[in-house]
Number of protein chains: 2
Amino acid sequence: MPAQSTRDLIVEQADALFYESGFEATSFADVAAAVGISRGNFYHHFKTKDDILDAVIARRTERTRAMLDGWQAEGDGPRERILSFIHMLIANRTQIMDFGCPVGTLCSELAKLDHAAQGRATEILGLFRDWLTEQMRALGAVDRPETLALHLLSWSQGVAVMATAFKDEAFIRNEVAGIEHWLASLPDLSQST
Amino acid sequence: MPAQSTRDLIVEQADALFYESGFEATSFADVAAAVGISRGNFYHHFKTKDDILDAVIARRTERTRAMLDGWQAEGDGPRERILSFIHMLIANRTQIMDFGCPVGTLCSELAKLDHAAQGRATEILGLFRDWLTEQMRALGAVDRPETLALHLLSWSQGVAVMATAFKDEAFIRNEVAGIEHWLASLPDLSQST
DNA sequence: ACAGAATTAGGACATTCGTCCTAATTCTCA
DNA sequence: TGAGAATTAGGACGAATGTCCTAATTCTGT
């Protein structure tokens, strides 16, 4: 069993570079140099740059799903699961202050490029939306769980954008505290068996 | 008196293209074609692409300041002024769903490019922050007006990102209603003479 | 060991990029 | 009107882009 195939290495490095420099600003040569292979070797694995983008989005989709499944399996209640989501802002604060949210910034860039993969990128955001909706529903008889989920997702996206612009870690912690307070204010009407 | 100088035309078209396609994805040729002049003519007005970016940021800074000054001069109270800010999300909803917030997306892109103009772009957000802080202060004896200002700015940025990703106008209106409700919940302790 | 497949390196390709030069044209104003 | 400045068009320049080809190398299974 190979530790990691060349293809996986390419996708991994492209993922990081697309995040840190943006899709448009990252060239074939950049990814090749990061992986340590020749440019020509690329064509054997990916025919076009868009193919790499598709693979990167697929990788992010898988990893997001795995992360959400992991939180789901941890056995805590929905409130603790939502906190896991929120605390990503703290855990990834350094990267967020440098490059923003990987998903949000990719969606924004692809929207401007009018890129065909925009919908697939948005689907990652949709995973979070659906998962959060499920948690909100599990929290009890809230009438519009998806509205709450979208609000929380939107909140975190705003924090990411602002943190990137102002490079302000205190702001992140402040907003996270605000989110926690908001979450605590939601009535828990769930019934434990 | 010329209706509009060529230089101003260039900056105006570059502004729109940077917004709609992003800075990196917009080329000299794109702007020249939009203005209707030759590529060579560019160098007479702007030596480098970064010079155009600086001019675009300066233009946006001026226009933002003018807009904020305009709201300030309308004679309404701070609550109505803040509503003017919030309602930008509704007024510009079509463009926001297509291209996001002009300021937020530019800051995010320049952060990824590690561009020297990043700080100047962030200053535009700073104008909003400072203006909103002033309105929050005018609203009364709130202990941390800047915290509230940053929160509101962050809120609107999140709405813009989500609206771009999901192309959901109902979400925008929902969140705007939420912001209005939040604003109404802030105690007005200002003293009218 | 060896044939065939998979992978790799290196470079060619047309195009586009930002930049810059030069010559022609237009404008300005004494 | 005419000289000098400002503006414009057109294209050259090297570098970089995404794409693609070919030949060498490595791997795989028998």
Side-chain angles (χ1 to χ4, degrees), chain A residues 1-58 106 109-110 112-118 120-121, chain B residues 1-58 106 109-110 112-118 120-121:
Chain A
M1 57 179 104
Q4 209 169 14
S5 71
T6 300
R7 198 196 129 97
D8 289 342
L9 277 174
I10 292 175
V11 177
E12 181 183 347
Q13 296 297 321
D15 191 338
L17 285 170
F18 288 174
Y19 174 39
E20 296 170 11
S21 303
F23 169 69
E24 184 77 9
T26 301
S27 71
F28 267 62
D30 294 331
V31 184
V35 179
I37 62 174
S38 69
R39 264 154 286 116
N41 193 1
F42 249 94
Y43 191 70
H44 186 260
H45 297 280
F46 298 98
K47 282 201 262 286
T48 70
K49 196 182 178 186
D50 288 351
D51 287 344
I52 304 184
L53 177 59
D54 285 340
V56 167
I57 292 176
L106 181 63
E109 181 180 3
L110 295 184
K112 282 181 194 288
L113 296 176
D114 203 17
H115 197 285
Q118 190 190 352
R120 262 156 291 175
Chain B
M1 61 180 107
Q4 209 169 16
S5 70
T6 301
R7 198 197 131 96
D8 289 342
L9 277 174
I10 291 175
V11 177
E12 182 183 346
Q13 295 298 320
D15 192 339
L17 285 171
F18 288 175
Y19 175 40
E20 296 170 11
S21 303
F23 170 69
E24 184 77 9
T26 301
S27 71
F28 267 61
D30 293 332
V31 184
V35 180
I37 62 174
S38 70
R39 265 153 285 115
N41 193 3
F42 249 93
Y43 191 69
H44 186 261
H45 297 280
F46 298 97
K47 283 202 261 288
T48 70
K49 195 182 177 185
D50 288 350
D51 287 343
I52 304 184
L53 177 60
D54 285 340
V56 166
I57 292 176
L106 182 62
E109 182 180 3
L110 295 183
K112 282 180 194 288
L113 297 177
D114 202 17
H115 197 286
Q118 189 190 351
R120 263 156 290 175

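Side chains included, hydrogens not; waters and symmetry mates left out as well; all remaining heavy atoms used. Chain letters run A, B, ... following the sequence lines, proteins first, then strands; residues in each count from 1.
- Regarding A:L113, its CG atom lies at a distance of 13 Å from the P atom of D:dG18, rounded to whole Å.
- If you take CD on B:Q13 and CD1 on B:I37, they are separated by 10.0 Å, rounding to the nearest 0.5 Å.
- B:I52 has its side chain out of reach of B:V11: every pair of non-hydrogen atoms, C-beta onward, lies at least 4.5 Å apart.
- Under the 4.5 Å side-chain criterion, counting only non-hydrogen atoms from C-beta, A:D50 is in contact with A:H115.
- When DNA chain C is scanned 5' to 3' for any atom under 4.0 Å from a heavy atom of chain A, the first and last hits are C:dT7 to C:dG11.
- Counting heavy atoms from C-beta on, the side chains of A:V56 and A:Y19 never come closer than 4.5 Å.
- Of the inter-residue distances, the one linking A:L9 atom CG with A:H45 atom NE2 reads 9.5 Å to the nearest 0.5 angstrom.
- As rounded to whole Å, 11 Å separates atom P of D:dA16 from atom CZ of A:R39.
- Between A:F18 and A:F23, the ring planes are perpendicular. Angles over 60° get that label, and only those under 30° would be called parallel.
- Each of A:K47 and B:S38 has a nearest nucleotide on DNA chain D; the 5'-most of these lies closest to B:S38.
- Two end axes, each from the C1' atoms of five base pairs, can be drawn for the helix from C:dA1-D:dT30 to C:dA30-D:dT1; they diverge by 20°, to 10 degrees.
- A distance of 13.0 Å separates CD of A:E24 from NZ of A:K112, quoted to the nearest 0.5 Å.
- Between atom CD of residue A:Q118 and atom CG of residue A:L106 there is a gap of 9.5 Å, rounded to the nearest 0.5 Å.
- For A:I52 and D:dT17, the CD1 to C1' distance is 13 Å, given to the nearest whole Å.
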